[in-house]
Amino acid sequence: MSTNFEFIDIKRIEPETKPISARKVDFGEIYETQNIDSVKEQSSRCLDCGNPYCEWKCPLHNYIPDWLKLAQEGSIQEAADLCHETNSFPEICGRICPQEKLCEGACTLNTGYEAVTIGQIEKYITDKALAEGWKPKKYIENFSAQTVSIIGAGPAGLACAENLIRRGVNCTVYDRYSEIGGLLTYGIPEFKLEKKVVLKRRELLEELGVKFVLNYEVNDARMSEIEHKSDAVFLGLGTYESIKGNISGDKKDGVVEALPYLVKNTEYLMSDEDAESINFSGKNVVVLGGGDTAMDCVRTAIRQQAKSVTCVYRRDRDNMPGSEKEIKHAIEEGVEFLFNSQPLEIIGNGKVRQLKIGQTKLGKPDSSGRRKPILVEGSEKTLEIDKLVIAFGYQADQQSFVSKNDIRVSERGLIALENKKYKYQTSNPKFFAGGDMIIGSSLAVHAIAHGRDAAKEIIKFLKT
Ligand SMILES: Cc1cc2nc3c(=O)[nH]c(=O)nc-3n(C[C@H](O)[C@H](O)[C@H](O)COP(=O)(O)OP(=O)(O)OC[C@H]3O[C@@H](n4cnc5c(N)ncnc54)[C@H](O)[C@@H]3O)c2cc1C
Ligand code: SF4
């Protein structure tokens, strides 16, 4: 019998991680599988506080206390049903959301007792239900003969497709890659999210009736064809223009950008053929940046058996944008961090040999609200390096079919959602958009929320 005070005696326990020595040579996910008893016990820590801040802080507003209760009772299939009311891919969010900044960061138990392990339980519920043969159900079999085209099979496009098909709307998803998932597949490494998790979703979406057209780069001519045969179009193209640091010497051999490095490594691991990776085995590697992408690069280099891996970041640890748990994992795996360090120059005769850095101190907040790093004069020093990865993030890239279809963009190149009648509708009423391309490089959970909500708006639009 639950007393709602279980949190006093039961401590927060996360699933075990694999031994560090194994993690450093293996690209697989690092957490061991939880058992049902531990899931029930950890779920019972939820206070059911009556004002679930966790729900509000979750961008999807998941019904967290309700599915924790079902998990506590061992009703996993019912919990999976409830998870899917709000979230198209709960097992993915459970793995990759920065929970400490979202749901768990808002948990009432943080006042001295440590948050409920919401993300890990969400992952367990769906993994377990799917392993038992659970499948998402349609709400309506057939809504009409209308068709929606979705460009981009990232989380935004896939969530839009899942929500449309479950409401009886036919949809086709187009993507230039040979597999679905966008950055879930090609950006985020296996040790955070194994590819088989995303592949399972392809199987489920296809069973529901979603059609995929892959290896299909949408250009002006193809967009025109797609537009003619669609009643509405959703764009979830992401943001792929890498932010350059304009560091002197960044064209030298041995300097690589983060995404090509991660994508090549993923393609190499996924492919049976002779795909080539950018391999840092035996090299002294420096990664510039402090976000999730930088953390993924340092941990990939560790697994490639680099000689040393250093992350250079110009603010301090508290101001790192990356997820706290990923920084912790990187430190455990042997990554060295140089905080308050600004890259100044890449030195080498055609080929990178050294990196000059300077010490910084944090000044007043800038226009973004974050404290500005100020270089301390005379603090320069050099690091001996073989490879340098630039991981400063991504911004919108311009695809010509956007402007050709009269879709307006903001000064930052993001799709402007100016039409007030339907949320997520662009200046061209037939086109909706979501994900990174409307808010800039962000989180998968935001993209899923946009895709879900845009699907509902598209259905309202189709009804008129
Ligand atoms: C290295 C890295 C690590 C990350 N780690 C995390 C994390 O731990 N947690 C988290 O929540 N988020 C993380 N993110 C962010 C997250 O992956 C993105 O916010 C999310 O994937 C955005 O979803 P999206 O659908 O908007 O775009 P994307 O995932 O970028 O998908 C866009 C899709 O559109 C396709 N496309 C684009 N143009 C065309 C075209 N012309 N024709 C056909 N197809 C096209 C692309 O091929 C792609 O498949 C990470 C991002 C990176 C780069
Ligand atoms: S989707 Fe993300 S933020 Fe929401 S409950 Fe799951 S892990 Fe937390």
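Residues take their numbers from the sequence shown, with the count starting at 1. Order of listing sets the numbers, starting from 1, for every ligand and every atom in it.
Scanning I438, V218, N215, V173 for the heavy atom closest to atom 40 (C) of ligand 1 points to V218. By heavy-atom distance, the residue among V445, L237, I448 lying nearest atom 39 (C) of ligand 1 is L237. Proximity annotation for atom 17 (O) of ligand 1: of T300, L158, L183, L183 comes nearest, heavy atoms only. Nearest-residue assignment for atom 53 (C) of ligand 1 (options T293, I439, L443; heavy-atom criterion): T293. Among Y174, Y177, Y240, the residue whose heavy atom lies nearest to atom 30 (O) of ligand 1 is Y240. Which of D175, I150, D397, L184 comes nearest to atom 35 (C) of ligand 1 through a heavy atom is settled by distance: it is D175. Of the listed residues (P189, S442, G187, A447), the one carrying the non-hydrogen atom nearest atom 14 (N) of ligand 1 is S442. Taking each of P155, A444, G182 in turn, the one with a heavy atom nearest to atom 21 (O) of ligand 1 proves to be P155.
Taking the charged nitrogens against the carboxylate oxygens, E333 and R299 do have a contact shorter than 4.0 Å, which makes a salt bridge. Note on R303 versus E190: no salt bridge recorded, every NZ/NE/NH1/NH2 to OD/OE distance being 4.0 Å or above. Ion pair K460/E457 flagged as a salt bridge, since at least one NZ, NE, NH1 or NH2 atom sits closer than 4.0 Å to an Asp/Glu carboxylate oxygen. A salt bridge links E257 with K244: the closest approach of a Lys/Arg side-chain nitrogen to an acidic carboxylate oxygen falls below 4.0 angstrom. Ion pair R95/E91 not flagged as a salt bridge, since none of the NZ, NE, NH1 or NH2 atoms sits closer than 4.0 Å to an Asp/Glu carboxylate oxygen. Taking the charged nitrogens against the carboxylate oxygens, E100 and K325 have no contact shorter than 4.0 Å, which rules out a salt bridge. Comment: D127 does not engage K200 in a salt bridge, judged by the lack of any side-chain N to carboxylate O separation of less than 4.0 angstrom. Ion pair E206/R202 flagged as a salt bridge, since at least one NZ, NE, NH1 or NH2 atom sits closer than 4.0 Å to an Asp/Glu carboxylate oxygen.
Nearest non-hydrogen protein atom to atom 32 (C) of ligand 1 is G236 O, 3.2 Å. Taking atom 9 (N) of ligand 1 as the reference point, the nearest protein heavy-atom neighbour is I96 O, 2.8 Å. Atom 4 (C) of ligand 1 has I188 CG1, 3.5 Å as its closest protein atom, hydrogens excluded (heavy atom only). In this structure, the protein non-hydrogen atom closest to atom 44 (N) of ligand 1 is R176 N, 3.1 Å. Of the protein's non-hydrogen atoms, the one nearest atom 3 (C) of ligand 1 is D296 OD2, 2.9 Å. Of all protein heavy atoms, the one closest to atom 26 (O) of ligand 1 is D436 N, 2.9 Å. Looking at atom 27 (O) of ligand 1, its nearest protein heavy atom turns out to be G238 CA, 3.5 Å. In this structure, atom 31 (O) of ligand 1 lies nearest to the protein heavy atom G154 CA, 3.4 Å.
Note: W134 and H84 have tilted aromatic rings, judged against thresholds of 30 and 60 degrees for the angle between ring planes. Between F280 and Y261, the angle of the ring planes stays under 30°, which puts this pair in the parallel group of the 30/60° scheme. A perpendicular orientation is assigned to the rings of Y313 and F339, their planes being inclined by more than 60° (bins at 30° and 60°). Ring geometry for H329 versus Y31: interplanar angle over 60°, hence perpendicular rather than tilted (30 to 60°).
Only the side chain of L262 comes within 4.0 Å of ligand 1, judged by heavy-atom distances. Residue contacts with ligand 1 for Y394 are absent, since no atom lies close enough (heavy atoms, distance under 4.0 Å). With a 4.0 Å cut-off on non-hydrogen atoms, Q399 touches ligand 1 through its side chain and not its backbone.
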After noting the C-alpha distance and the side-chain angles of E332 and R23, does the key distance pass the salt bridge (charged side-chain N to carboxylate O under 4.0 Å, His left out) rule? CA-CA 10 Å; E332 286 168 358; R23 277 160 55 182; 2.7 Å; yes
Full working for side-chain hydrogen bond (donor to acceptor under 3.5 Å, both in side chains) between E132 and Q77: CA-CA 9 Å; E132 289 172 354; Q77 306 255 337; 2.8 Å; yes
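The shortest separation from a heavy atom of Y186 to ligand 1 is not under 4.0 Å, leaving the residue out of contact.
For ligand 1, the polar-atom distance check against K192 finds a nitrogen or oxygen pair separated by under 3.5 Å. At under 3.5 Å, a nitrogen or oxygen of A156, whether backbone or side chain, sits near a nitrogen or oxygen of ligand 1. Between M437 and ligand 1, not a single N/O pair is under 3.5 Å apart.
The Y216 neighbourhood of ligand 1 comprises atoms 42 (N), 43 (C), with distances under 4.0 Å to a heavy atom of that residue. Set against the non-hydrogen atoms of G152, the atoms of ligand 1 under 4.0 Å away are 33 (C), 34 (O), 35 (C). Taking a cut-off of under 4.0 Å to the non-hydrogen atoms of G435, the atoms of ligand 1 that pass are 26 (O).
Of the listed residues (V286, V389, V335), just one forms a side-chain contact (heavy atoms from CB on, under 4.5 Å) with C311, and that residue is V335. When each of L158, N163, L164 is paired with C160, the side-chain contact (heavy atoms from CB on, under 4.5 Å) condition holds for L164 and for no other.
The main-chain N or O of E336 is never found under 3.5 Å from a side-chain atom of T310 such that the two would form a donor-acceptor pair. Side-chain atoms of D231 come within 3.5 Å of backbone atoms of T147 as a donor-acceptor pair (strictly under, hydrogens ignored). For R452 (side chain) and A159 (main-chain N/O), no donor-acceptor pair under 3.5 Å exists by modelled atom type.
Around atom 6 (Fe) of ligand 2, the protein atoms of type N, O or S that sit closer than 2.8 Å are E122 OE1.
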